[in-house]
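Note that these values count all heavy atoms, side chains included, but never hydrogens, waters or copies made by symmetry.
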Amino acid sequence: MKNIHKIYFVLSFLAISPSFAQKITLKECVDIAIKNNLTYRESQIMGESANVELSRAKSLIYPRIGFGTGQDIRVGRSIDRFTNSFIEEVYTTNYFGLQANMTLFNGFQIKNQVRQNEFLRDAGGKNIEAVKNRTIIGVLQAYLQVLATQELLEVSKQQVETSKSQVERINKQIAAGVVGQGQSELFQVQSQLVNDEFSLVTSQNTHKAARLALFQLMNQSPNNDLTFEPLKEEILLYDISSQSVEAIFSQAVNNFPEVKAGELRMKSFDSQLKATQANVMPQVSLSANYGTFYSSSNKSENYFKQINGTRSGSLSLDISIPILGRLQNSPRMSAVKIQQQLTQNQLNITKLQIRQAIEQSYQLLSAANDRYKVATNQVNILDQNIKAVESRINAGTVNFIEYVLAKTNFDRAKSNLVQAKYEFLLQNKILDFYKNGSWKVD
């Protein structure tokens, strides 16, 4: 209940409080996206429909009991129900009756139909989990993309500020007459500045596009005053060779809701085949009725005396044995078997797609792991290099071409580090998802 109230608070804030900056966490984004996701809502409705179908199948177990009454007007020649003689007059009749019918045996058709719908209900529940997982992974990817583009934007801003400071430095040196080729070096630094400003504009647009994508996944209008909380986790470098694709795939097959839903649908077809086969088996039913009637043709007895005197009932046991039922039932059995084969093939496709996704994610994680190690070392070295070049510039022992080259390499290294970090985070979480079969967003 506390989480629900929090979601409503965030949604209310998004709608009516655009003038104040506010941070939102990954979990809050996930909760909002799930609440507003129409595909997720559709899966819930389908789950409710499966529950209704299960209730309908169970209702066939109960006896059918009904009450009937009617008023007739007879005209012309007819048989008097009291004397069994022909009469020719206009008279009225009134009747009341109770009827009951119950299936005692129908080849366990009802039992198998109930079992079939139980499997389909459970498959619907797994489908809801699958849609929820797909929603979460979409939000996670978009959220990490926003954080990554935000960091890249900050890197671009730092690059512009650094270039501006160098332009100011050159202008001061030219004014003081301490630079031999002042105009040439000024043009070089100004060229670097406009390049950095162009990169800044590109980073701003990329960041805006990433934010828009995340807001759209949450089914919310973009809010420029809303910021996203960085993830509070360290990049842990480890040897991923300790994790095998086969081990992760085995865990995914056991835990993945898409796989479990497919397996449950396969089981439902087994029950459906048994229920269809029951159409050619003998059926036994028990029926009973009890009623009474009144006729105005009997002038010797009043209404209530007739109602009391004409009470009667019956109890019957009926057995129905199909003779040529197999000819009609065989195409039905074939149709169910074909649907079962299609479902099995779809399950195989799902497992294949999961395996290929794990292989791809494993490869991407390995690459991101290596890239992050190299990028971290690269940034540390180039950071020392740029500081050394700046010191030499201040001492007048190096030209600005060397500085521009060092700065370009350093800026590129910082961008590579940001990209490798978030790629590593994403692929690491995806592999954890395949192992667990569900997302745990704190």
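Between the side chain of S361 and the backbone N or O of A357, no donor-acceptor pair lies under 3.5 Å. The backbone N or O of V201 lies less than 3.5 Å from a partner atom in the side chain of N205, making a donor-acceptor pair. A donor-acceptor pair under 3.5 Å is absent between the side-chain atoms of S49 and the main chain of I45, judged by distance alone. A donor-acceptor distance shorter than 3.5 angstrom exists from the side chain of T149 to the backbone of V146, with no hydrogens or angles considered. With hydrogens and angles ignored, the 3.5 Å screen pairs no side-chain donor or acceptor of N385 with any backbone N or O of I381. Between the D383 side chain and the V379 main chain, no donor and acceptor come within less than 3.5 Å of each other. Using modelled atom types, no side-chain atom of N329 and backbone atom of V280 make a donor-acceptor pair closer than 3.5 Å. With S330 contributing its side chain and L327 its backbone, the two residues share no donor-acceptor pair below 3.5 Å.
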Criterion salt bridge (Lys or Arg N to Asp or Glu O under 4.0 Å) on K435 and D432, from CA distance to verdict: CA-CA 5 Å; K435 288 188 290 186; D432 286 340; 3.4 Å; yes
Working for salt bridge (Lys or Arg N to Asp or Glu O under 4.0 Å), residues R134 and E129: CA-CA 9 Å; R134 288 195 291 271; E129 292 181 27; over 6 Å; no
E359 and R355: CA distance, side-chain angles, deciding distance, salt bridge (Lys or Arg N to Asp or Glu O under 4.0 Å) verdict: CA-CA 6 Å; E359 292 172 345; R355 182 181 184 85; 3.4 Å; yes
Verdict with supporting geometry, N279 and Q109, side chain to side chain donor-acceptor pair (under 3.5 Å): CA-CA 8 Å; N279 290 326; Q109 185 177 58; 2.6 Å; yes
Verdict with supporting geometry, E118 and K111, salt bridge (Lys or Arg N to Asp or Glu O under 4.0 Å): CA-CA 11 Å; E118 286 177 342; K111 175 184 176 181; over 6 Å; no
Worked verdict on T206 versus L152 for side-chain contact (heavy atoms from CB on, under 4.5 Å): CA-CA 9 Å; T206 302; L152 291 173; over 6 Å; no
Check against ring pair (Phe, Tyr, Trp, His ring centres under 6.0 Å), F256 and F433: CA-CA 9 Å; F256 233 60; F433 165 63; 5.0 Å; yes
Steps toward side-chain contact (heavy atoms from CB on, under 4.5 Å) verdict (N36, Q220): CA-CA 9 Å; N36 293 337; Q220 293 288 315; 3.0 Å; yes
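Side-chain atoms of L431 and L365, non-hydrogen and from C-beta on, do get closer than 4.5 Å to each other. The shortest side-chain heavy-atom distance between L317 and L104 falls under the 4.5 Å cut-off. Under the 4.5 Å side-chain criterion, counting only non-hydrogen atoms from C-beta, Q113 is not in contact with S271. When side chains are defined from C-beta on, T69 counts as touching N94, because their heavy atoms get closer than 4.5 Å. A 4.5 Å side-chain heavy-atom check between T103 and Q283 finds every atom pair outside the cut-off. Inter-residue side-chain proximity for I319 and I321 is flagged as met; some heavy-atom pair is nearer than 4.5 Å. When side chains are defined from C-beta on, Q378 counts as touching N416, because their heavy atoms get closer than 4.5 Å. By the 4.5 Å heavy-atom criterion applied to side chains, L200 and Q159 are not counted as neighbours.
From K267, atom NZ reaches atom CD of Q116 across 14.5 Å, with rounding to the nearest 0.5 Å. One finds the CG atom of N127 at 11.5 Å from the CG atom of L264 (value rounded to the nearest 0.5 Å). Here the CG-CG distance, from N289 to L315, works out to 9.0 Å after rounding to the nearest 0.5 Å. Taken to the nearest 0.5 Å, the CD1 atom of I430 stands 12.0 Å off from the CD1 atom of I248. Going from atom CG of L231 over to atom CG of L140 covers 7.5 Å, rounded to the nearest 0.5 Å. Atom CG of L153 and atom NZ of K208 lie 9.5 Å apart (nearest 0.5 Å).
Here Q158 pairs with K414 under the side-chain hydrogen bond (donor to acceptor under 3.5 Å, both in side chains) rule; sequence neighbours left out. Here D318 pairs with nothing under the salt bridge (Lys or Arg N to Asp or Glu O under 4.0 Å) rule; sequence neighbours left out.
No more than 12 heavy atoms of other residues, nucleotides or ligands shown are found within 6.0 angstrom of CZ on F198. When the shell of 6.0 Å around CZ of F67 is examined, it contains more than 12 heavy atoms from other residues, nucleotides or ligands. Other residues, nucleotides and ligands contribute only 12 or fewer heavy atoms inside 6.0 Å of the CE atom of M46. Within 6.0 Å of CD on E154 lie more than 12 heavy atoms contributed by other residues, nucleotides or ligands. Within a 6.0 Å sphere centred on CZ of R326, other residues, nucleotides and ligands contribute 12 heavy atoms or fewer.
Salt-bridge check for E168 with K164: failed, with every basic side-chain N at 4.0 Å or more from each acidic carboxylate O. A salt bridge is absent between R265 and E258; no separation between the charged side-chain nitrogens and carboxylate oxygens falls under 4.0 Å. Between K260 and E263 no salt bridge is recorded (no basic side-chain N to carboxylate O distance below 4.0 Å). Using a 4.0 Å cut-off between charged nitrogen and carboxylate oxygen, K35 and D31 do not count as a salt-bridge pair.
Between F228 and Y143, the ring planes are perpendicular. Angles over 60° get that label, and only those under 30° would be called parallel.
Between Q340 and D270, the side chains place a donor N or O and an acceptor N or O closer than 3.5 Å (distance only, hydrogens not considered). Looking only at atom types and distance, the side chain of E229 has no donor-acceptor partner in the side chain of T25 under 3.5 Å away. Q141 and Q145 share no donor-acceptor pair across their side chains, judged by distance under 3.5 Å alone. Between the side chains of N101 and S287, no donor N or O sits under 3.5 Å from an acceptor N or O. Q192 and D196 share a side-chain donor-acceptor pair at under 3.5 Å. With no hydrogens or angles considered, no side-chain donor-acceptor pair links R115 and N112 at under 3.5 Å.
Contact detail for A50 and L120: the closest heavy-atom pair is CB-O, 4.2 Å. Between L286 and S316, the shortest heavy-atom contact is CD1-O, 3.3 Å. For L60 against I110, the heavy-atom pair with the smallest separation is O-CD1, 3.4 Å. Nearest heavy atom pair, residue G107 against residue A278, reads O-CB, 3.4 Å. Nearest heavy-atom pair across V259 and I354 is CG2-CD1, 3.6 Å.
Listed by first and then second residue, the ring pair (Phe, Tyr, Trp, His ring centres under 6.0 Å) pairs involving residues 108-127 are F105-F108 (not counting sequence neighbours).
Residue E423 forms a side-chain hydrogen bond (donor to acceptor under 3.5 Å, both in side chains) with just one option from Q427, Q419, K421, and that option is Q427.
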